[in-house]
*Asks:* 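One structure follows; several queries about it will come next.
Proteins get letters first, then strands, A, B, ... in listed order; numbering begins at 1 in each.
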Amino acid sequence: MSQEATVHALVSKGEAPSHPQTPPSQAKSFVQYYDRLYEKLGPQAWWPARTPFEVIIGAILTQNTSWTNVERAISNLRRERLLTPLALERVSFARLASLIRSSGYFRQKAKKLKAFVRFLRAEYSSSLARMFRTPTHELREKLLAVHGIGPETADSILLYAGQKETFVVDTYTRRILSRHGFVAEDVPYEELRALIESALPRDVSRYNEFHALLVQVGKHWCRPRGPRCSECPLQPFLESVK
DNA sequence: ATCCGGAGTG
DNA sequence: CACTCGGGAT
């Protein structure tokens with residue numbers, strides 16, 4: 001297994017001195033959004049997980065599910081010493097499903113976990129280090145071909161487990177940015193990802209933080225029903241949209 | 001367009 | 001009670 005690979009990519013190094021290329025029209029806005037949120041909410045130190053493998057398990061378990069439900073499942077797996085690729089391959093489907101029951105969709109997700117560890121062994125001898133040596137674009141395509149890994153999960157794996165420069169779009173991102181008039185609600189995943197990646201400095205810890213900050217906004221203010229715009233940290237930017 | 005699903009919230 | 005959740009497969 002990988003060594004003491006702690007997953008915090010949040011290295012607080014100094015500000016990037018300059019932006020190489022001329023930013024598109026949204027660039028300034030997204031940078032302002034980021035700065036505003038970071039100032040108001042601070043560093044999120046995101047993705048609480050001990051190893052890259054645990055990040056990946058969490059990324060699958062948290063699909064359309066709140067993180068508190070996932071934490072129980074992860075802690076069950078840890079208690080049973082199942083947080084390794086080979087252990088997850090050995091454990092029976094029924095036992096795995098029952099251990100992750102709290103995360104919802106537990107049969108679907110047990111199948112997805114099995115699919116991933118099988119893929120990892122077949123393609124990379126169960127080594128995440130080998131997997132992440134694959135060129136990012138190629139790896140992304142291969143991950144998308146695995147049962148249970150869609151765009152958001154693939155990007156979460158690349159960014160939060162592999163420290164690759166890939167922005168993670170989720171429900172919150174889409175909701176916030178469409179309400180602020182940047183995109184339509186049903187904007188395709190790839191389109192929104194490309195937009196944000198082109199508008200922010202290409203930097204792993206920046207992508208990491210921005211996604212995490214948007215999650216906070218989505219949870220606390222930009223809620224699906226009854227958004228609290230007047231109390232939202234992004235409220236100043238909403239005025240110009242209305 | 002439907003299904004998967006437990007757990008917390010109002 | 002209805003609604004929502006760090007989505008994805010069919």
Side-chain angles (χ1 to χ4, degrees), chain A residues 7-10 37 41 43-50 52-77 93-116 118-119 140-164 166-179 185-193 196 204-228:
Chain A
V7 177
H8 287 110
L10 304 180
L37 291 177
L41 306 180
Q44 300 297 303
W46 224 41
W47 213 294
R50 300 184 184 182
F53 185 69
E54 197 177 314
V55 172
I56 295 171
I57 301 312
I60 292 171
L61 293 183
T62 198
Q63 291 171 0
N64 206 35
T65 299
S66 59
W67 185 253
T68 54
N69 287 350
V70 175
E71 286 183 307
R72 291 189 191 83
I74 300 260
S75 89
N76 287 342
L77 295 176
F93 179 89
R95 189 155 95 93
L96 177 56
S98 84
L99 287 168
I100 65 172
R101 194 168 177 273
S102 68
S103 69
Y105 307 127
F106 52 92
R107 294 180 196 87
Q108 304 289 324
K109 286 173 180 175
K111 185 176 175 185
K112 293 174 181 185
L113 293 179
K114 287 286 191 182
F116 175 75
R118 174 164 37 253
F119 160 80
R140 190 171 193 275
E141 294 304 310
K142 295 184 71 167
L143 288 172
L144 288 174
V146 177
H147 174 87
I149 299 184
E152 183 185 337
T153 306
D155 289 334
S156 295
I157 290 171
L158 292 170
L159 178 63
Y160 288 103
Q163 282 82 51
K164 306 299 179 183
T166 307
F167 187 79
V168 179
V169 173
D170 67 349
T171 304
Y172 299 123
T173 311
R174 185 176 278 99
R175 187 162 70 223
I176 295 164
L177 296 185
S178 66
R179 282 178 176 173
E185 281 186 67
D186 59 347
V187 58
Y189 184 97
E190 287 305 321
E191 193 175 313
L192 186 48
R193 183 171 74 96
I196 295 174
V204 169
S205 55
R206 187 68 61 105
Y207 288 172
N208 181 324
E209 274 295 328
F210 193 43
H211 174 76
L213 289 164
L214 289 174
V215 168
Q216 289 308 306
V217 173
K219 277 184 179 173
H220 301 306
W221 298 281
C222 203
R223 307 177 307 181
R225 297 265 182 169
R228 303 171 163 180

*Asks:* Could you please name the option among dT4(C), dG8(C), dA9(C) that lies closest to any side-chain atom of His147(A)?
*Replies:* dA9(C)
*Asks:* Heavy atoms only, 4.0 Å cut-off, all strands: where does Ile60(A) land among base, sugar-phosphate and nothing?
*Replies:* nothing
*Asks:* For DNA chain C, which residues in residues 100-112 of chain A have a heavy atom at a distance below 4.0 Å?
*Replies:* Tyr105(A), Lys112(A)
*Asks:* Looking across every strand, which nucleic acid part, if any, lies under 4.0 Å from Arg174(A) by heavy atom: base, sugar-phosphate, or nothing?
*Replies:* nothing
*Asks:* Can you give me the N/O atom pairs linking the protein to nucleotides 8-10 of chain B at distances under 3.5 Å, or say none if there are none?
*Replies:*
{"unit_1": "dG8(B)", "atom_1": "OP1", "unit_2": "Arg72(A)", "atom_2": "NH2", "d": "2.7"}

*Asks:* Base, sugar-phosphate or nothing for Ser156(A)? Non-hydrogen atoms, less than 4.0 Å.
*Replies:* nothing
*Asks:* When the distance from CG of Asn64(A) to P of dG8(C) is rounded to whole Å, what number comes out?
*Replies:* 9 Å
*Asks:* To the side chain of Gln63(A), which of dG7(C), dC5(C), dT4(C) is closest?
*Replies:* dG7(C)
*Asks:* What's the verdict on side-chain contact (heavy atoms from CB on, under 4.5 Å) for Ile157(A) and Val55(A), showing C-alpha distance, side-chain angles and the deciding distance?
*Replies:* CA-CA 7 Å; Ile157(A) 290 171; Val55(A) 172; over 6 Å; no
*Asks:* Enumerate the salt bridge (Lys or Arg N to Asp or Glu O under 4.0 Å) contacts for residues 146-158 of chain A, please, sequence neighbours excluded, ordered by first and then second residue.
*Replies:* Arg140(A)-Asp155(A), Asp155(A)-Arg193(A)
*Asks:* Say we look at dG5(B) and dT10(C): how far apart would their P atoms be, to the nearest angstrom?
*Replies:* 14 Å
*Asks:* Nearest 0.5 Å please: distance from the CH2 atom of Trp47(A) over to the CD atom of Glu54(A).
*Replies:* 11.0 Å
*Asks:* Could you grab the distance from atom CD1 of Ile60(A) to atom OH of Tyr105(A), nearest 0.5 Å is fine?
*Replies:* 15.5 Å
*Asks:* Counting the atoms with a prime plus P, OP1 and OP2 as sugar-phosphate, which does Val169(A) contact under 4.0 Å by heavy atoms, base, sugar-phosphate, or nothing?
*Replies:* nothing
